[in-house]
Amino acid sequence: MTDPTPSPAGLPRGFVERLQAENPALFGNIESALLSAPSVAVRLNAAKGLQMEGRPVPWCAAGRYLEQRPVFTLDPALHQGRYYVQDASSMFIGMVARQAAAALGGGALRWLDACAAPGGKTTCVIDSLPPDSLVVANELVPQRAAALRENVIKWGNPGVIVTRGDSSAFSRMKGAFDVVAADVPCSGEGMMRKDADAVAQWSPGLIESCAERQRAIVTSLWEALKPGGFMVYSTCTFNRAENEDMLAFIASELGGEVVPVEGIDHAWGIAESQGGYRFVPGRVEGEGLFMALIRKPGIHRPFQRPRPAKPDRCPQRAWLSNDGSGLAITAAADRLNAFPAIHIPMLEAVTALKGMSVIHHGIVLGRTKGRDVIPDHSLALSTALRPEAFPCVELDHDAALSYLRCDAVSLPADTPRGHVLLTHRGAPLGFVKHLGNRSNTLYPRDWRILMR
(Lines give C-alpha, C1' and ligand atoms only; values in the text may rest on other atoms or scores of the structure.)
Protein backbone atom coordinates (compact mmCIF):
# COMPACT_ATOMS: atom_id res chain seq x y z
CA MET A 1 0.00 0.00 0.00
CA THR A 2 1.10 3.54 -0.62
CA ASP A 3 2.43 5.66 2.22
CA PRO A 4 1.42 9.19 1.15
CA THR A 5 3.67 11.88 2.57
CA PRO A 6 2.29 15.41 2.91
CA SER A 7 4.09 18.21 1.11
CA PRO A 8 2.61 21.57 2.17
CA ALA A 9 3.10 24.46 -0.21
CA GLY A 10 1.91 28.03 -0.71
CA LEU A 11 -1.38 28.62 -2.49
CA PRO A 12 -1.67 29.84 -6.10
CA ARG A 13 -2.47 33.48 -6.82
CA GLY A 14 -6.17 34.15 -7.17
CA PHE A 15 -7.26 30.76 -5.82
CA VAL A 16 -8.47 31.88 -2.39
CA GLU A 17 -10.17 35.00 -3.76
CA ARG A 18 -12.09 32.92 -6.31
CA LEU A 19 -13.42 30.52 -3.66
CA GLN A 20 -14.37 33.27 -1.24
CA ALA A 21 -16.26 35.05 -3.99
CA GLU A 22 -18.24 31.83 -4.65
CA ASN A 23 -19.07 31.12 -1.00
CA PRO A 24 -17.64 33.51 1.59
CA ALA A 25 -19.26 31.72 4.56
CA LEU A 26 -17.84 28.32 3.61
CA PHE A 27 -14.38 29.41 2.53
CA GLY A 28 -13.70 32.37 4.80
CA ASN A 29 -10.82 30.57 6.60
CA ILE A 30 -9.67 28.35 3.74
CA GLU A 31 -6.22 29.93 3.37
CA SER A 32 -5.15 29.36 6.97
CA ALA A 33 -6.69 25.86 6.94
CA LEU A 34 -4.80 24.78 3.81
CA LEU A 35 -1.53 26.14 5.18
CA SER A 36 -1.89 24.15 8.42
CA ALA A 37 -0.70 20.58 8.99
CA PRO A 38 -3.06 17.85 7.72
CA SER A 39 -4.50 15.18 9.98
CA VAL A 40 -3.36 11.55 9.83
CA ALA A 41 -5.97 8.81 9.64
CA VAL A 42 -6.19 5.09 8.97
CA ARG A 43 -9.06 2.71 8.32
CA LEU A 44 -8.95 -0.76 9.86
CA ASN A 45 -9.72 -3.94 7.92
CA ALA A 46 -12.51 -5.47 10.00
CA ALA A 47 -11.97 -8.88 8.41
CA LYS A 48 -8.38 -9.04 9.69
CA GLY A 49 -9.00 -8.16 13.33
CA LEU A 50 -6.41 -5.47 14.04
CA GLN A 51 -6.99 -3.17 17.01
CA MET A 52 -5.41 0.29 16.89
CA GLU A 53 -5.60 3.19 19.30
CA GLY A 54 -6.77 6.55 18.04
CA ARG A 55 -9.70 8.93 18.02
CA PRO A 56 -12.65 7.63 15.98
CA VAL A 57 -13.59 9.17 12.65
CA PRO A 58 -17.23 10.23 13.25
CA TRP A 59 -18.65 8.99 9.93
CA CYS A 60 -16.62 5.75 9.73
CA ALA A 61 -16.61 3.15 12.52
CA ALA A 62 -13.35 1.62 11.25
CA GLY A 63 -11.58 5.00 10.92
CA ARG A 64 -9.01 6.27 13.42
CA TYR A 65 -7.22 9.60 13.71
CA LEU A 66 -3.60 9.19 14.79
CA GLU A 67 -1.90 11.85 16.91
CA GLN A 68 1.42 11.38 15.11
CA ARG A 69 2.40 10.09 11.71
CA PRO A 70 4.40 6.86 12.09
CA VAL A 71 6.68 5.44 9.41
CA PHE A 72 3.93 3.35 7.83
CA THR A 73 6.30 1.67 5.39
CA LEU A 74 8.08 -0.06 8.28
CA ASP A 75 4.88 -1.44 9.80
CA PRO A 76 4.25 -5.03 8.63
CA ALA A 77 0.53 -4.66 9.41
CA LEU A 78 0.19 -2.18 6.53
CA HIS A 79 1.63 -4.74 4.10
CA GLN A 80 -0.62 -7.45 5.55
CA GLY A 81 -3.65 -5.36 4.58
CA ARG A 82 -4.76 -4.98 8.19
CA TYR A 83 -5.35 -1.25 7.72
CA TYR A 84 -5.22 1.40 5.01
CA VAL A 85 -3.78 4.91 5.28
CA GLN A 86 -6.63 7.12 4.11
CA ASP A 87 -7.77 10.68 4.53
CA ALA A 88 -10.75 10.77 6.88
CA SER A 89 -12.96 12.74 4.49
CA SER A 90 -12.74 9.98 1.87
CA MET A 91 -14.08 7.44 4.37
CA PHE A 92 -17.51 9.05 3.93
CA ILE A 93 -17.95 6.77 0.90
CA GLY A 94 -18.67 3.90 3.30
CA MET A 95 -21.65 5.71 4.80
CA VAL A 96 -22.96 6.53 1.32
CA ALA A 97 -22.48 2.92 0.18
CA ARG A 98 -24.48 1.54 3.09
CA GLN A 99 -27.36 3.89 2.38
CA ALA A 100 -27.41 2.98 -1.32
CA ALA A 101 -27.37 -0.73 -0.47
CA ALA A 102 -30.24 -0.36 1.98
CA ALA A 103 -32.29 1.64 -0.52
CA LEU A 104 -31.79 -1.11 -3.10
CA GLY A 105 -33.15 -3.79 -0.81
CA GLY A 106 -30.11 -4.81 1.22
CA GLY A 107 -29.12 -7.72 -1.04
CA ALA A 108 -25.91 -8.38 -2.93
CA LEU A 109 -24.95 -5.59 -5.38
CA ARG A 110 -22.69 -5.08 -8.35
CA TRP A 111 -20.72 -1.87 -7.86
CA LEU A 112 -18.53 -0.20 -10.49
CA ASP A 113 -15.73 2.00 -9.16
CA ALA A 114 -14.81 3.69 -12.41
CA CYS A 115 -11.83 5.82 -11.30
CA ALA A 116 -10.57 3.67 -8.46
CA ALA A 117 -6.79 4.11 -7.92
CA PRO A 118 -5.11 3.87 -5.53
CA GLY A 119 -7.92 1.95 -3.84
CA GLY A 120 -8.87 3.77 -0.64
CA LYS A 121 -12.51 4.31 -1.55
CA THR A 122 -12.64 0.89 -3.22
CA THR A 123 -11.60 -1.00 -0.10
CA CYS A 124 -13.91 1.14 2.04
CA VAL A 125 -16.82 0.21 -0.23
CA ILE A 126 -15.88 -3.49 -0.10
CA ASP A 127 -16.33 -3.40 3.67
CA SER A 128 -19.63 -1.48 3.43
CA LEU A 129 -21.60 -3.59 0.95
CA PRO A 130 -23.85 -6.58 1.73
CA PRO A 131 -22.35 -10.11 1.60
CA ASP A 132 -21.79 -11.63 -1.86
CA SER A 133 -21.54 -8.21 -3.51
CA LEU A 134 -19.09 -7.61 -6.36
CA VAL A 135 -16.88 -4.57 -6.91
CA VAL A 136 -15.36 -3.84 -10.32
CA ALA A 137 -12.51 -1.36 -9.80
CA ASN A 138 -11.02 0.34 -12.84
CA GLU A 139 -8.06 2.62 -13.51
CA LEU A 140 -6.73 3.92 -16.82
CA VAL A 141 -3.09 4.80 -15.98
CA PRO A 142 -0.94 1.62 -15.83
CA GLN A 143 1.17 2.64 -12.82
CA ARG A 144 -1.90 3.67 -10.84
CA ALA A 145 -3.70 0.50 -11.91
CA ALA A 146 -0.80 -1.54 -10.51
CA ALA A 147 -1.13 0.27 -7.17
CA LEU A 148 -4.88 -0.38 -7.18
CA ARG A 149 -4.31 -4.08 -7.82
CA GLU A 150 -1.77 -4.30 -5.01
CA ASN A 151 -4.04 -2.60 -2.49
CA VAL A 152 -7.05 -4.73 -3.45
CA ILE A 153 -5.01 -7.92 -3.07
CA LYS A 154 -3.75 -6.79 0.33
CA TRP A 155 -7.30 -6.04 1.49
CA GLY A 156 -8.08 -9.69 0.81
CA ASN A 157 -11.73 -9.81 -0.30
CA PRO A 158 -12.28 -12.21 -3.24
CA GLY A 159 -15.35 -10.38 -4.60
CA VAL A 160 -13.38 -7.88 -6.70
CA ILE A 161 -12.38 -7.50 -10.35
CA VAL A 162 -9.58 -5.01 -11.09
CA THR A 163 -9.45 -3.64 -14.62
CA ARG A 164 -7.23 -1.28 -16.58
CA GLY A 165 -8.68 0.83 -19.37
CA ASP A 166 -10.79 3.83 -20.35
CA SER A 167 -13.93 3.84 -18.21
CA SER A 168 -16.00 4.77 -21.27
CA ALA A 169 -15.81 1.10 -22.28
CA PHE A 170 -18.31 0.28 -19.53
CA SER A 171 -20.97 2.27 -21.40
CA ARG A 172 -21.36 -0.83 -23.58
CA MET A 173 -22.46 -2.82 -20.49
CA LYS A 174 -25.84 -1.11 -20.43
CA GLY A 175 -27.61 -1.37 -17.10
CA ALA A 176 -25.10 -3.87 -15.68
CA PHE A 177 -24.36 -2.19 -12.33
CA ASP A 178 -26.52 -1.38 -9.34
CA VAL A 179 -24.19 1.44 -8.29
CA VAL A 180 -21.59 3.37 -10.28
CA ALA A 181 -19.03 5.44 -8.39
CA ALA A 182 -17.45 8.26 -10.37
CA ASP A 183 -14.59 9.72 -8.33
CA VAL A 184 -13.72 11.82 -11.34
CA PRO A 185 -10.37 13.39 -12.25
CA CYS A 186 -10.50 16.97 -11.02
CA SER A 187 -8.47 20.12 -10.39
CA GLY A 188 -7.44 18.78 -6.97
CA GLU A 189 -7.98 21.95 -4.94
CA GLY A 190 -8.91 19.92 -1.89
CA MET A 191 -5.51 18.22 -1.86
CA MET A 192 -3.35 21.35 -1.90
CA ARG A 193 -2.37 20.87 1.73
CA LYS A 194 -0.80 17.49 0.89
CA ASP A 195 0.12 17.71 -2.78
CA ALA A 196 2.45 20.37 -4.14
CA ASP A 197 1.52 19.34 -7.71
CA ALA A 198 -2.09 20.37 -7.03
CA VAL A 199 -0.81 23.86 -6.22
CA ALA A 200 1.54 24.05 -9.20
CA GLN A 201 -1.01 22.93 -11.81
CA TRP A 202 -3.97 25.04 -10.67
CA SER A 203 -5.52 27.58 -13.03
CA PRO A 204 -9.04 28.68 -14.07
CA GLY A 205 -8.38 26.96 -17.38
CA LEU A 206 -7.74 23.66 -15.59
CA ILE A 207 -11.11 23.92 -13.88
CA GLU A 208 -12.86 24.40 -17.21
CA SER A 209 -11.09 21.45 -18.86
CA CYS A 210 -11.78 19.21 -15.85
CA ALA A 211 -15.47 20.08 -15.87
CA GLU A 212 -15.72 19.27 -19.57
CA ARG A 213 -14.03 15.92 -19.02
CA GLN A 214 -16.26 15.17 -16.02
CA ARG A 215 -19.42 15.72 -18.06
CA ALA A 216 -18.16 13.23 -20.65
CA ILE A 217 -17.24 10.63 -18.00
CA VAL A 218 -20.54 10.91 -16.16
CA THR A 219 -22.58 10.74 -19.37
CA SER A 220 -20.72 7.60 -20.45
CA LEU A 221 -21.00 5.86 -17.09
CA TRP A 222 -24.71 6.65 -16.82
CA GLU A 223 -25.26 4.01 -19.52
CA ALA A 224 -23.74 1.29 -17.32
CA LEU A 225 -26.08 2.11 -14.42
CA LYS A 226 -29.31 0.17 -13.96
CA PRO A 227 -32.61 2.03 -13.91
CA GLY A 228 -33.36 2.82 -10.28
CA GLY A 229 -29.68 2.43 -9.37
CA PHE A 230 -27.35 4.99 -7.83
CA MET A 231 -24.39 7.01 -8.99
CA VAL A 232 -21.94 8.28 -6.39
CA TYR A 233 -20.31 11.43 -7.77
CA SER A 234 -17.24 12.79 -6.00
CA THR A 235 -14.28 15.09 -6.44
CA CYS A 236 -11.44 16.31 -4.26
CA THR A 237 -11.91 19.91 -5.31
CA PHE A 238 -13.81 22.97 -4.06
CA ASN A 239 -15.17 25.01 -6.99
CA ARG A 240 -18.83 24.98 -8.09
CA ALA A 241 -18.10 24.16 -11.73
CA GLU A 242 -16.86 20.67 -10.83
CA ASN A 243 -19.34 20.06 -8.01
CA GLU A 244 -22.80 21.68 -7.74
CA ASP A 245 -22.86 22.60 -11.42
CA MET A 246 -22.12 18.96 -12.26
CA LEU A 247 -25.07 17.81 -10.15
CA ALA A 248 -27.27 20.28 -12.03
CA PHE A 249 -25.98 18.83 -15.31
CA ILE A 250 -26.78 15.26 -14.22
CA ALA A 251 -30.28 16.31 -13.19
CA SER A 252 -31.11 18.35 -16.29
CA GLU A 253 -29.38 16.31 -19.00
CA LEU A 254 -29.55 12.76 -17.60
CA GLY A 255 -32.61 12.91 -15.38
CA GLY A 256 -30.81 12.00 -12.16
CA GLU A 257 -32.29 12.83 -8.76
CA VAL A 258 -29.93 13.93 -5.99
CA VAL A 259 -30.74 11.96 -2.83
CA PRO A 260 -29.88 13.20 0.69
CA VAL A 261 -27.54 11.09 2.81
CA GLU A 262 -29.17 10.31 6.13
CA GLY A 263 -27.58 10.20 9.57
CA ILE A 264 -25.15 13.11 9.22
CA ASP A 265 -24.57 14.89 12.52
CA HIS A 266 -24.37 18.69 12.28
CA ALA A 267 -21.48 18.61 14.76
CA TRP A 268 -19.29 16.80 12.22
CA GLY A 269 -18.87 20.02 10.22
CA ILE A 270 -19.95 18.56 6.87
CA ALA A 271 -21.66 21.23 4.76
CA GLU A 272 -24.70 20.32 2.65
CA SER A 273 -24.83 22.16 -0.68
CA GLN A 274 -27.57 21.60 -3.27
CA GLY A 275 -27.81 17.95 -2.26
CA GLY A 276 -24.06 17.36 -2.27
CA TYR A 277 -21.77 17.24 0.75
CA ARG A 278 -18.68 19.37 1.17
CA PHE A 279 -15.75 18.53 3.40
CA VAL A 280 -13.73 21.70 3.90
CA PRO A 281 -10.49 21.78 5.95
CA GLY A 282 -10.99 23.94 9.00
CA ARG A 283 -14.60 22.74 9.25
CA VAL A 284 -13.77 19.02 9.26
CA GLU A 285 -10.65 17.15 10.29
CA GLY A 286 -9.75 15.96 6.81
CA GLU A 287 -9.00 17.13 3.29
CA GLY A 288 -11.28 18.72 0.71
CA LEU A 289 -14.00 16.47 -0.71
CA PHE A 290 -17.34 16.78 -2.47
CA MET A 291 -19.69 13.80 -2.69
CA ALA A 292 -23.28 13.27 -3.77
CA LEU A 293 -25.66 10.33 -4.17
CA ILE A 294 -27.81 10.42 -7.31
CA ARG A 295 -30.58 8.04 -8.33
CA LYS A 296 -31.33 7.07 -11.92
CA PRO A 297 -35.02 7.07 -12.88
CA GLY A 298 -36.75 3.72 -13.25
CA ILE A 299 -37.48 0.55 -11.33
CA HIS A 300 -34.47 -1.25 -9.92
CA ARG A 301 -34.24 -4.99 -10.47
CA PRO A 302 -31.60 -7.06 -8.64
CA PHE A 303 -29.28 -9.23 -10.70
CA GLN A 304 -30.39 -12.81 -11.22
CA ARG A 305 -28.23 -15.34 -9.44
CA PRO A 306 -27.22 -18.21 -11.72
CA ARG A 307 -27.96 -21.78 -10.75
CA PRO A 308 -25.34 -23.22 -8.39
CA ALA A 309 -22.60 -25.02 -10.27
CA LYS A 310 -21.41 -28.46 -9.27
CA PRO A 311 -18.51 -28.22 -6.79
CA ASP A 312 -15.14 -28.60 -8.46
CA ARG A 313 -12.70 -31.21 -7.20
CA CYS A 314 -9.58 -29.09 -7.41
CA PRO A 315 -7.10 -30.18 -4.69
CA GLN A 316 -6.30 -26.51 -3.99
CA ARG A 317 -9.84 -26.04 -2.66
CA ALA A 318 -8.42 -27.42 0.60
CA TRP A 319 -6.45 -24.15 0.84
CA LEU A 320 -9.71 -22.23 1.33
CA SER A 321 -11.77 -21.88 4.48
CA ASN A 322 -15.52 -22.37 4.62
CA ASP A 323 -15.79 -18.73 3.62
CA GLY A 324 -14.54 -19.83 0.23
CA SER A 325 -17.33 -22.33 -0.35
CA GLY A 326 -19.05 -20.00 -2.82
CA LEU A 327 -15.91 -19.60 -4.92
CA ALA A 328 -15.40 -21.30 -8.26
CA ILE A 329 -11.87 -22.40 -9.12
CA THR A 330 -10.80 -21.82 -12.70
CA ALA A 331 -7.54 -22.44 -14.57
CA ALA A 332 -6.07 -20.11 -17.17
CA ALA A 333 -2.58 -20.63 -18.59
CA ASP A 334 -0.42 -21.39 -15.52
CA ARG A 335 -2.72 -19.74 -12.98
CA LEU A 336 -5.49 -20.97 -10.69
CA ASN A 337 -8.07 -18.42 -9.58
CA ALA A 338 -10.90 -18.61 -7.06
CA PHE A 339 -13.77 -16.25 -7.81
CA PRO A 340 -17.40 -15.93 -6.58
CA ALA A 341 -19.44 -18.38 -8.64
CA ILE A 342 -22.51 -16.11 -8.75
CA HIS A 343 -20.48 -13.39 -10.48
CA ILE A 344 -18.84 -15.51 -13.18
CA PRO A 345 -21.21 -14.07 -15.85
CA MET A 346 -20.09 -10.55 -14.89
CA LEU A 347 -16.44 -11.58 -15.03
CA GLU A 348 -16.98 -12.97 -18.53
CA ALA A 349 -18.74 -9.79 -19.64
CA VAL A 350 -16.00 -7.52 -18.30
CA THR A 351 -13.28 -9.72 -19.81
CA ALA A 352 -14.96 -9.46 -23.21
CA LEU A 353 -14.99 -5.64 -23.20
CA LYS A 354 -12.89 -4.25 -26.02
CA GLY A 355 -10.15 -1.95 -24.71
CA MET A 356 -10.45 -3.21 -21.13
CA SER A 357 -7.93 -5.53 -19.46
CA VAL A 358 -8.72 -7.61 -16.39
CA ILE A 359 -5.52 -7.46 -14.32
CA HIS A 360 -6.84 -9.24 -11.23
CA HIS A 361 -9.93 -11.07 -10.10
CA GLY A 362 -10.87 -12.97 -6.98
CA ILE A 363 -7.94 -14.82 -5.43
CA VAL A 364 -4.92 -16.05 -7.33
CA LEU A 365 -4.56 -19.41 -5.57
CA GLY A 366 -1.30 -20.34 -7.20
CA ARG A 367 0.68 -20.94 -10.35
CA THR A 368 1.52 -24.31 -11.81
CA LYS A 369 5.13 -25.30 -12.28
CA GLY A 370 5.45 -28.82 -13.58
CA ARG A 371 3.41 -31.00 -11.23
CA ASP A 372 3.61 -28.46 -8.45
CA VAL A 373 1.28 -25.56 -7.67
CA ILE A 374 3.08 -22.66 -6.04
CA PRO A 375 0.75 -20.76 -3.69
CA ASP A 376 0.38 -17.10 -4.60
CA HIS A 377 0.77 -14.06 -2.35
CA SER A 378 -2.85 -13.20 -3.17
CA LEU A 379 -3.88 -16.38 -1.33
CA ALA A 380 -1.72 -15.53 1.68
CA LEU A 381 -3.53 -12.23 2.20
CA SER A 382 -7.02 -13.44 1.28
CA THR A 383 -9.73 -13.51 3.90
CA ALA A 384 -10.73 -16.91 2.46
CA LEU A 385 -7.37 -18.56 3.24
CA ARG A 386 -7.43 -21.59 5.55
CA PRO A 387 -4.14 -21.05 7.44
CA GLU A 388 -4.13 -24.67 8.69
CA ALA A 389 -3.58 -25.76 5.08
CA PHE A 390 0.11 -24.85 5.41
CA PRO A 391 2.79 -25.18 8.08
CA CYS A 392 3.06 -21.78 9.79
CA VAL A 393 6.04 -19.93 11.25
CA GLU A 394 5.58 -16.74 13.30
CA LEU A 395 8.10 -13.94 12.62
CA ASP A 396 9.03 -11.10 14.93
CA HIS A 397 9.07 -7.50 13.71
CA ASP A 398 12.64 -7.47 12.39
CA ALA A 399 12.28 -10.81 10.62
CA ALA A 400 8.98 -9.68 9.11
CA LEU A 401 10.67 -6.59 7.66
CA SER A 402 13.46 -8.76 6.27
CA TYR A 403 10.86 -10.88 4.51
CA LEU A 404 9.12 -7.76 3.13
CA ARG A 405 12.48 -6.63 1.75
CA CYS A 406 12.88 -10.03 0.05
CA ASP A 407 15.93 -10.74 2.23
CA ALA A 408 16.73 -14.22 3.51
CA VAL A 409 14.74 -15.31 6.56
CA SER A 410 15.96 -17.95 9.02
CA LEU A 411 13.35 -20.53 10.02
CA PRO A 412 13.39 -22.94 12.99
CA ALA A 413 15.26 -26.19 12.48
CA ASP A 414 12.09 -28.27 12.72
CA THR A 415 10.32 -26.37 9.93
CA PRO A 416 9.09 -28.91 7.37
CA ARG A 417 10.22 -28.71 3.76
CA GLY A 418 7.83 -27.28 1.22
CA HIS A 419 5.55 -24.26 1.17
CA VAL A 420 5.36 -22.49 4.51
CA LEU A 421 3.06 -19.64 5.53
CA LEU A 422 4.83 -16.92 7.49
CA THR A 423 2.80 -14.92 9.99
CA HIS A 424 3.38 -11.80 12.06
CA ARG A 425 1.35 -11.02 15.16
CA GLY A 426 -0.83 -14.00 14.30
CA ALA A 427 -1.82 -12.80 10.81
CA PRO A 428 -0.57 -14.08 7.43
CA LEU A 429 2.43 -12.27 5.95
CA GLY A 430 3.32 -14.41 2.93
CA PHE A 431 4.80 -17.67 1.67
CA VAL A 432 8.27 -19.14 1.36
CA LYS A 433 9.40 -22.45 -0.05
CA HIS A 434 11.56 -24.09 2.60
CA LEU A 435 14.35 -26.28 1.26
CA GLY A 436 15.82 -27.39 4.58
CA ASN A 437 19.01 -25.37 4.70
CA ARG A 438 17.44 -22.23 3.25
CA SER A 439 14.12 -20.76 2.10
CA ASN A 440 13.14 -19.08 -1.14
CA THR A 441 10.83 -16.12 -0.71
CA LEU A 442 7.57 -15.99 -2.64
CA TYR A 443 6.92 -12.34 -1.79
CA PRO A 444 6.34 -10.22 -4.95
CA ARG A 445 9.60 -8.46 -5.70
CA ASP A 446 7.78 -5.46 -7.18
CA TRP A 447 6.22 -4.90 -3.75
CA ARG A 448 9.36 -5.21 -1.65
CA ILE A 449 10.13 -2.31 0.66
CA LEU A 450 13.41 -0.50 0.05
CA MET A 451 13.52 1.60 3.22
CA ARG A 452 16.00 0.43 5.87
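One is the number of the first residue; the rest follow in order along the sequence.
The six-membered or imidazole ring of H343 lies near that of F303, with a centre-to-centre distance under 6.0 Å. Within the 6.0 Å centre-distance limit, the rings of F279 and F92 are counted as a close aromatic pair. Between H377 and W447, the ring centre distance stays below 6.0 Å.
In this structure the side chain of W59 never reaches within 4.5 angstrom of the side chain of V261, judged on heavy atoms. Side chains of V135 and I161 form no contact here, defined as non-hydrogen atoms less than 4.5 Å apart. Within the 4.5 Å cutoff, side-chain heavy atoms of L404 are placed close to those of P76. The shortest distance between side-chain heavy atoms of D312 and R317 falls below 4.5 Å. The shortest side-chain heavy-atom distance between L66 and F72 falls under the 4.5 Å cut-off. Side-chain contact check for L112 versus M173: every heavy-atom pair is 4.5 Å or farther apart. L365 has its side chain out of reach of V373: every pair of non-hydrogen atoms, C-beta onward, lies at least 4.5 Å apart.
E189 and T237 share a side-chain donor-acceptor pair at under 3.5 Å. Using modelled atom types and a 3.5 Å distance limit, the side chains of E244 and S273 yield a donor-acceptor pair. For N337 and R335, the side-chain atoms include at least one donor-acceptor pair closer than 3.5 Å. A donor atom on one side chain and an acceptor atom on the other are found under 3.5 Å apart for R193 and S36. With 3.5 Å as the limit, one finds a donor-acceptor pair spanning the side chains of D127 and W155. Neither side chain, Y233 nor N243, offers a donor N or O lying under 3.5 Å from an acceptor on the other. For the residue pair R240 and Q274, a side-chain donor N or O sits within less than 3.5 Å of a side-chain acceptor on the partner.
Atom CG in L50 sits 8.0 Å away from atom OH in Y83 (nearest 0.5 Å). If you take CG on L293 and CD on E257, they are separated by 10.0 Å, rounding to the nearest 0.5 Å. Going from atom SG of C124 over to atom CD1 of I93 covers 7.5 Å, rounded to the nearest 0.5 Å. To the nearest 0.5 angstrom, K121 atom NZ is 7.0 Å from Q86 atom CD. For the atom pair CG of L225 and OG of S171, the computed distance is 13.0 Å after rounding to the nearest 0.5 Å. With rounding to the nearest 0.5 angstrom, the CG atom of L129 is 9.5 Å from the CG atom of L134.
Taking both residues in full, the closest heavy atoms of I329 and C314 are given as CG2-SG, 3.9 Å, listed atom of the first, atom of the second, then distance. Considering all non-hydrogen atoms of both residues, R64 and V57 come closest at N-CG2, 3.7 Å. Y277 and P260 make their closest contact through OH-CA, 3.5 Å (heavy atoms, listed as atom of the first residue, atom of the second, distance). The two residues R110 and I342 make their nearest non-hydrogen contact at NH2-O, 3.2 Å. The two residues S128 and A97 come nearest to each other via the heavy atoms CB-CB, 3.9 Å. Among all heavy-atom pairs drawn from L401 and I449, the shortest one is CD2-CD1, 3.9 Å.
Judged by distance alone, the side chain of D178 and the main-chain N or O of L109 form no donor-acceptor pair under 3.5 Å. Of the possible polar contacts, none joining the S357 side chain to the I359 backbone as a donor-acceptor pair under 3.5 Å is found. Judged by distance alone, the side chain of H424 and the main-chain N or O of L429 form no donor-acceptor pair under 3.5 Å. Proximity of a side-chain donor or acceptor of S382 to a complementary backbone N or O of S378 within less than 3.5 Å is not detected. The closest donor-acceptor contact from the side chain of S234 to the backbone of M291 lies at 3.5 Å or more, if one exists at all. Panel note: side chain K226, backbone R301; a donor-acceptor pair is recorded below 3.5 Å. Of the possible polar contacts, none joining the S321 side chain to the R386 backbone as a donor-acceptor pair under 3.5 Å is found. A donor-acceptor contact shorter than 3.5 Å is absent between the side chain of K369 and the backbone of I374. The closest donor-acceptor contact from the side chain of D376 to the backbone of L379 lies at 3.5 Å or more, if one exists at all. Judged purely by atom type and a 3.5 angstrom limit, Y84 uses its side chain to pair as donor or acceptor with the backbone of G120.
A salt bridge links E139 with R144: the closest approach of a Lys/Arg side-chain nitrogen to an acidic carboxylate oxygen falls below 4.0 angstrom. Salt-bridge check for E223 with K174: passed, with a basic side-chain N closer than 4.0 Å to an acidic carboxylate O. Taking 4.0 Å as the cut-off between side-chain N and carboxylate O, E285 and R55 count as a salt-bridged pair. Electrostatic pairing of R215 and E242 does not count as a salt bridge here, judged by no charged N lying under 4.0 Å from a carboxylate O. One finds a salt bridge joining D334 and R367 here, because a Lys/Arg side-chain nitrogen approaches an Asp/Glu carboxylate oxygen to under 4.0 Å.
Heavy atoms from other residues, nucleotides or ligands lying under 6.0 Å from CZ of R213 number 12 at most. For CZ of R425, the number of neighbouring non-hydrogen atoms (other residues, nucleotides, ligands) closer than 6.0 Å is 12 at most. Atom CG of N322 has 12 or fewer neighbouring heavy atoms from other residues, nucleotides or ligands inside a 6.0 Å radius. The neighbour count for E212 CD, taken as heavy atoms of other residues, nucleotides or ligands under 6.0 Å away, does not exceed 12.
A perpendicular orientation is assigned to the rings of Y443 and Y403, their planes being inclined by more than 60° (bins at 30° and 60°).
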Residue pair H361, F339: steps toward the ring pair (Phe, Tyr, Trp, His ring centres under 6.0 Å) verdict: CA-CA 7 Å; H361 66 278; F339 185 77; 5.6 Å; yes

message: Between F27 and F238, is the ring pair (Phe, Tyr, Trp, His ring centres under 6.0 Å) condition met? List the steps.
response: CA-CA 9 Å; F27 296 113; F238 295 128; 5.5 Å; yes

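Exactly one of T163, T122, D166 qualifies for a side-chain hydrogen bond (donor to acceptor under 3.5 Å, both in side chains) with N138. That residue is T163.
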